[in-house]
Participant: 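Here's a structure for you.
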Number of protein chains: 2
Amino acid sequence: MTEIRPETRPEARPTTRSGGRQRASHSLEAVVGEAVALLDEAGEAALTFRALAARLGGGVGSIYWYVSGKDELLARASDHVLAGVLAATEGAAGSSDPVDDLRVIAVAFFEAVSSRPWLGAYFLRDVDLQPNAVLLYERLGQQVLRLHLPPRESFHAVSAVMGYVIGTAADLGRRPEAAGGDPVEHERGLDDLVQRWRELDPGRFPFIRHVVEEFAVHRDDEQFLAGLDLLLAGLRLQADRRA
Amino acid sequence: MTEIRPETRPEARPTTRSGGRQRASHSLEAVVGEAVALLDEAGEAALTFRALAARLGGGVGSIYWYVSGKDELLARASDHVLAGVLAATEGAAGSSDPVDDLRVIAVAFFEAVSSRPWLGAYFLRDVDLQPNAVLLYERLGQQVLRLHLPPRESFHAVSAVMGYVIGTAADLGRRPEAAGGDPVEHERGLDDLVQRWRELDPGRFPFIRHVVEEFAVHRDDEQFLAGLDLLLAGLRLQADRRA
DNA sequence: ACCTGAACACCGTTCAAGT
DNA sequence: ACCTGAACACCGTTCAAGT
């Protein structure tokens with residue numbers, strides 16, 4: 001996954017005045033960039049106006065000069081990350097199979113969201129603040145366009161892919177290792193759960209008993225891909241029927 | 001959708017002592033029930049320990065006798081709602097088509113989550129606190145079991161359906177009318193967006209131009225069903241191949 | 001065994017005052 | 001035009017004190 005992060009950390013530039021006192025100087029880019037850095041390093045709970053201000057080397061109040069509040073900050077942070085997804089899928093529309101291309105974009109999108117559980121909740125909330133989200137929507141859609149489905153089916157197909165990506169990513173991403181939690185402790189908790197599920201009554205829980213060993217060894221990314229491929233198989237079927 | 005809510009609002013029972021002073025008396029059921037009522041009436045932001053205590057007619061501290069904190073309260077609230085989904089899908093395993101039955105359960109699940117955007121984030125977070133979530137998972141799984149897929153495919157199929165349901169529901173449910181916002185104002189904002197999208201450059205945004213009129217008239221539930229049917233079509237295909 | 005509510009350590013947001 | 005930081009109105013959580 002391509003990270004969008006300025007090469008030079010956007011430090012607050014202390015403008016030294018003749019005499020002595022310093023004032024920090026920011027920019028929207030610096031505010032949003034540091035917010036994403038804070039989120040990536042320490043998770044959603046760590047993004048505080050006080051913590052962000054400290055990182056920027058200034059006061060809390062100055063952040064409000066650039067964003068109207070925390071909602072807008074997170075909306076912009078979300079779009080900032082999406083710029084990386086767009087960059088990573090720049091040439092993804094090249095293959096002869098539109099569904100394959102759709103898949104590549106969906107995977108890049110998934111990778112960005114699953115390591116950032118907060119992203120899904122703010123994706124495409126405010127179109128004005130999130131031009132990259134609109135571009136990503138359009139890029140997913142352009143692959144579907146090549147299937148020559150009617151508008152209604154085209155709209156539904158892209159909505160379905162986005163819903164699946166965000167839902168699965170948020171679901172898998174909220175596990176401790178994705179946030180700042182201890183992976184070892186998480187692994188132990190998962191083993192405990194598997195052990196208890198192995199001992200469930202097969203009469204009452206035939207399904208869990210049927211899949212528990214798969215659950216024990218599953219990998220999140222494979223689980224995501226398997227479901228995505230079911231969805232895309234359904235889409236292919238629909239496209240073939242229409243053709 | 002079937003609501004699980006006690007017929008008699010679980011008022012705090014003031015235990016009158018001879019002499020005069022009263023003390024509220026709660027129960028886990030009352031605490032969780034009132035939490036869900038508060039969430040349903042006024043949204044996630046309204047669920048405050050102070051507001052909940054006032055509703056229960058007691059002090060803030062007493063809530064901590066029943067739950068360890070806000071996370072556990074929301075996990076239990078989530079499971080409380082899921083009891084309704086289970087009740088509503090009690091006889092859903094009766095048809096001759098397992099995928100149809102899977103669909104019925106998924107729809108009931110979707111209805112519960114889309115009107116409660118907070119639910120998805122807490123679904124199946126803590127298996128010990130959420131027996132109904134496990135039962136719902138098992139019930140979805142039992143339909144898949146009838147397709148006689150290998151464990152790995154079975155596991156992936158149920159994971160995919162759950163991911164899609166939660167993702168789409170959270171996405172659609174965060175629109176203002178689902179929370180406590182003004183539906184009229186929301187409608188106006190949507191009209192504005194549609195108008196701006198109609199004027200986008202067709203060279204740069206061919207997909208959005210292709211679907212904008214569908215977007216303008218779309219209904220959330222139909223959008224959900226269309227995507228679900230794509231996923232289920234893929235699942236059917238997989239089951240047929242294996243047979 | 002269970003309830004109370006003041007107190008604590010945080011939040012996001014505002015705003016008069018600065019430069 | 002932009003930055004500052006004290007102040008405000010909230011939070012979730014704790015805990016000594018009650019019954």
Side-chain angles (χ1 to χ4, degrees), chain A residues 10-32 34-35 38-39 42-77 118 121-122 125-126 129 180, chain B residues 10-32 34-35 38-39 42-77 118 121-122 125-126 129 180:
Chain A
E11 304 275 357
R13 287 176 281 113
T15 23
T16 322
R17 290 299 196 105
S18 63
R21 269 195 41 118
Q22 301 194 335
R23 276 177 89 198
S25 168
H26 312 311
S27 69
L28 179 58
E29 172 66 23
V31 168
V32 174
E34 284 303 296
L38 203 46
L39 286 162
E44 189 170 6
L47 181 63
T48 285
F49 274 72
R50 284 166 177 84
L52 182 57
R55 241 185 131 100
L56 289 162
V60 255
S62 28
I63 299 168
Y64 286 89
W65 185 260
Y66 297 97
V67 293
S68 65
K70 201 170 189 185
D71 265 0
E72 182 179 328
L73 179 60
L74 275 158
R76 289 193 188 275
W118 52 271
Y122 286 89
R125 260 207 205 184
D126 187 322
L129 303 174
Chain B
E11 302 276 357
R13 288 177 279 112
T15 24
T16 322
R17 291 296 196 105
S18 63
R21 266 194 46 114
Q22 302 194 336
R23 276 177 90 197
S25 168
H26 312 313
S27 69
L28 179 57
E29 171 67 23
V31 168
V32 175
E34 283 304 296
L38 204 45
L39 286 162
E44 189 170 6
L47 181 62
T48 286
F49 275 71
R50 285 167 178 83
L52 182 56
R55 242 185 131 100
L56 289 161
V60 254
S62 28
I63 298 169
Y64 286 89
W65 186 260
Y66 297 97
V67 293
S68 64
K70 201 169 187 185
D71 264 0
E72 183 178 327
L73 179 61
L74 276 158
R76 289 194 189 275
W118 53 272
Y122 286 90
R125 259 207 206 184
D126 188 323
L129 303 175

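Chain letters run A, B, ... following the sequence lines, proteins first and then strands; every chain starts at 1.
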Participant: Return the value, rounded to whole Å, for the distance between atom CH2 of A/W65 and atom C1' of C/dT19.
Facilitator: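 One finds 13 Å between C1' of C/dT19 and CH2 of A/W65, rounded.
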Participant: I need the minimum non-hydrogen distance between A/L129 and A/A75, along with the two atoms involved.
Facilitator: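 Taking every non-hydrogen atom into account, CD1-CB, 4.1 Å.
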Participant: Can you give the dot-bracket line for DNA chain D, using ( ) for pairs inside the strand, [ ] for pairs that cross earlier ones, | for pairs with another strand and . for unpaired bases, where Watson-Crick and G-U count if both distances are under 3.5 Å?
Facilitator: ||.|||||...|||||.||
Participant: Under a 3.5 Å distance rule, please check whether A/T48 uses its side chain to pair with a backbone N or O of A/A51 as donor and acceptor.
Facilitator: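 Not at all, since once roles are kept as given, no pair shorter than 3.5 Å links the two residues.
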Participant: Each nucleotide in nucleotides 6-14 of chain D should get exactly one letter: B, S or -. Can you fill that in based on protein heavy atoms under 4.0 Å?
Facilitator: BB---BBBB
Participant: Any side chain to side chain donor-acceptor pair (under 3.5 Å) pairs touching residues 66-77 of chain A, not counting sequence neighbours?
Facilitator: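 Found A/S68-A/E72, A/E72-A/R76.
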Participant: Would you indicate, yes or no, if D/dC3 has its OP1 or OP2 atom less than 4.0 angstrom from a side-chain nitrogen or oxygen of A/Y66?
Facilitator: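 For D/dC3, OP1/OP2 do have a side-chain N/O of A/Y66 under 4.0 Å.
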Participant: Work out which heavy atom in A/A24 is nearest to a heavy atom in A/L56; give both atom names and the distance.
Facilitator: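 Closest approach of A/A24 to A/L56, heavy atoms only: CB-O, 4.3 Å.
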Participant: What closest approach, in Å, do B/I63 and B/A53 show between heavy atoms, and which atom pair accounts for it?
Facilitator: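 In this case the closest contact between B/I63 and B/A53 is CD1-N, 3.9 Å.
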Participant: Please report the interatomic distance CG(B/L39) to CH2(B/W118), rounded to the nearest 0.5 Å.
Facilitator: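 Here the interatomic distance stands at 5.0 Å.
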Participant: Would you kindly give the CZ-to-C1' distance between A/R23 and D/dC3, to the nearest whole Å?
Facilitator: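 After rounding, the gap between these two atoms is 4 Å.
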Participant: Could you walk me through whether A/L52 and A/V60 satisfy the side-chain contact (heavy atoms from CB on, under 4.5 Å) test, starting with their C-alpha distance in whole Å, then the side-chain angles of each, then the deciding distance to 0.1 Å, before giving a yes or no?
Facilitator: CA-CA 8 Å; A/L52 182 57; A/V60 255; over 6 Å; no
Participant: What's the shortest heavy-atom distance between B/S62 and B/H26, and which atoms?
Facilitator: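 Scanning both residues completely, I find the closest heavy atoms to be OG-NE2, 3.7 Å.
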Participant: Starting at the 5' end of DNA chain C and moving along, which residue's nearest nucleotide shows up first, B/I63 or A/S62?
Facilitator: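 Counting from the 5' end, the first nearest nucleotide belongs to B/I63.
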